[in-house]
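One structure below.
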Amino acid sequence: MSEVQPTVTMIAAVARNGVIGDGLTMPWHLSEDLKFFKRTTMGHPMVMGRRTFDSMGALPGRRSVVVTRQHDWSAPGVEVAHSLDEALARVAGAEQVFVVGGGELYRQAMPYAVRLLVTEVDQSPEGSVTFPAIDPEVWTETARDEQPGFAWVTYDRRP
Ligand SMILES: NC(=O)c1ccc[n+]([C@@H]2O[C@H](COP(=O)([O-])OP(=O)(O)OC[C@H]3O[C@@H](n4cnc5c(N)ncnc54)[C@H](OP(=O)(O)O)[C@@H]3O)[C@@H](O)[C@H]2O)c1
């Protein structure tokens with residue numbers, strides 16, 4: 001029998017202008033949002049691009065699968081995959097997997113995702129890396145929690 005495929009959720013903090021980073025780091029420091037990220041992803045596997053791994057390193061309590069095209073790449077504490085499909089196959093059997101960025105990975109994973117957890121950041125910073133467009137014909141907003149300076153918004157894929 002084939003293993004259960006995990007539910008794919010993407011989690012991202014996105015500025016009003018769509019920016020999520022400058023290629024190296026995130027343009028803001030929102031400690032409440034970092035705590036939200038930690039409690040939401042804790043105990044679940046995460047898939048990330050190699051550049052995002054470079055920016056945040058290995059996070060405790062969660063399996064990290066890093067996607068890279070470099071066949072000689074490795075880092076302590078993480079698993080390596082050479083395509084998004086390989087990364088998702090590695091976490092087969094888990095109930096849920098979080099795609100945690102960055103821009104290149106979000107674009108590729110969008111078709112697999114059933115839920116987007118977007119922290120809408122009330123800023124418009126400079127930055128070359130953006131979140132893909134959230135098509136209202138595909139996604140519907142199902143929850144919104146307003147906080148000072150940002151909002152936690154849930155989008156679910158329409159049936
Ligand atoms: N605001 C947020 O919530 C958030 C979250 C995460 C990241 N970020 C920001 O996003 C930026 C990084 O995003 P990014 O788009 O530059 O990079 P990224 O998506 O993190 O990583 C891109 C890298 O992933 C690998 N990759 C991508 N697709 C692949 C595929 N199909 N097969 C194999 N490997 C693949 C390649 O690694 P190799 O080059 O090693 O081959 C590629 O260079 C940073 O500024 C970071 O701070 C923001």
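These figures come from a predicted structure and were not determined experimentally. The analysis underlying the following values was restricted to heavy atoms, covering all of them including side chains, and did not include hydrogens, waters or symmetry mates.
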In one Ile/Leu/Val/Met/Phe/Trp/Tyr side-chain cluster, 4.5 Å: Phe53, Leu105: no

Within 6.0 angstrom of Glu86 CD, more than 12 heavy atoms from elsewhere: yes

Side-chain donor-acceptor contact under 3.5 Å, Tyr112 with Asp85: yes

Taking every non-hydrogen atom, the tightest pair across Ala58 and Pro76: CB-O, 4.2 Å

Quiz item: cation-pi between Arg158 and Trp139, 6.0 Å / 45°: no

Joint cluster assignment, Met26 & Val14, ILVMFWY side-chain distance < 4.5 Å: no

Cluster link Phe98 to Met10, ILVMFWY, side chain under 4.5 Å: no

Derivation and outcome, side chain to side chain contact (heavy atoms under 4.5 Å, CB included), residues Gln70 and Val80: CA-CA 10 Å; Gln70 303 172 58; Val80 181; over 6 Å; no

Flag for Thr130-Arg107: side-chain donor and acceptor within less than 3.5 Å: yes

Exercise: identify the closest heavy-atom pair between Val65 and Arg90: CG1-CD, 4.0 Å

Salt bridge (Lys or Arg N to Asp or Glu O under 4.0 Å) assessment of Glu104 paired with Arg69: CA-CA 13 Å; Glu104 207 180 321; Arg69 296 186 180 88; 3.2 Å; yes

Residue Glu126 excluded, over 12 heavy atoms near CD under 6.0 Å: no

ILVMFWY cluster, Val138 and Val99 together (side-chain gap under 4.5 Å): yes

Least distance between heavy atoms, Phe150 atom then Thr119 atom: CD1-CG2, 3.6 Å

Criterion salt bridge (Lys or Arg N to Asp or Glu O under 4.0 Å) on Glu120 and Arg16, from CA distance to verdict: CA-CA 7 Å; Glu120 287 184 2; Arg16 258 186 280 149; over 6 Å; no

Whether Asp22 side chain and Ser128 backbone form a donor-acceptor pair below 3.5 Å: no

Pair Val47-Leu84, side chain to side chain contact (heavy atoms under 4.5 Å, CB included): steps then yes or no: CA-CA 8 Å; Val47 172; Leu84 178 59; 4.1 Å; yes

Exercise: identify the closest heavy-atom pair between Pro125 and Val19: O-CG2, 3.6 Å

ILVMFWY network linking Phe131 to Leu30, side-chain heavy atoms under 4.5 angstrom: no

Trp152-Phe37 aromatic ring centre distance below 6.0 Å: no

Polar side-chain atom of Thr52 near backbone of Gly102 as donor-acceptor pair, under 3.5 Å: yes

Residues Thr9 and Gln96: side-chain donor-acceptor under 3.5 angstrom: yes

Side chains of Thr140 and Asp156, donor plus acceptor under 3.5 Å: no

Nearest heavy atoms of Gln123 and Pro27, plus distance in Å: OE1-O, 4.5 Å

Considering all heavy atoms, the nearest Asn17-Ser124 contact: ND2-C, 3.4 Å

Donor-acceptor contact below 3.5 Å, side chain Arg63 vs main chain Val91: no

Ala113 backbone acceptor or donor facing Arg157 side chain under 3.5 Å: yes

Candidate list Met46, Met42, Lys38, test side-chain contact (heavy atoms from CB on, under 4.5 Å), partner Leu59, passing option: Met46

Residue pair Val67 / Trp73, side-chain heavy-atom distance below 4.5 Å: no

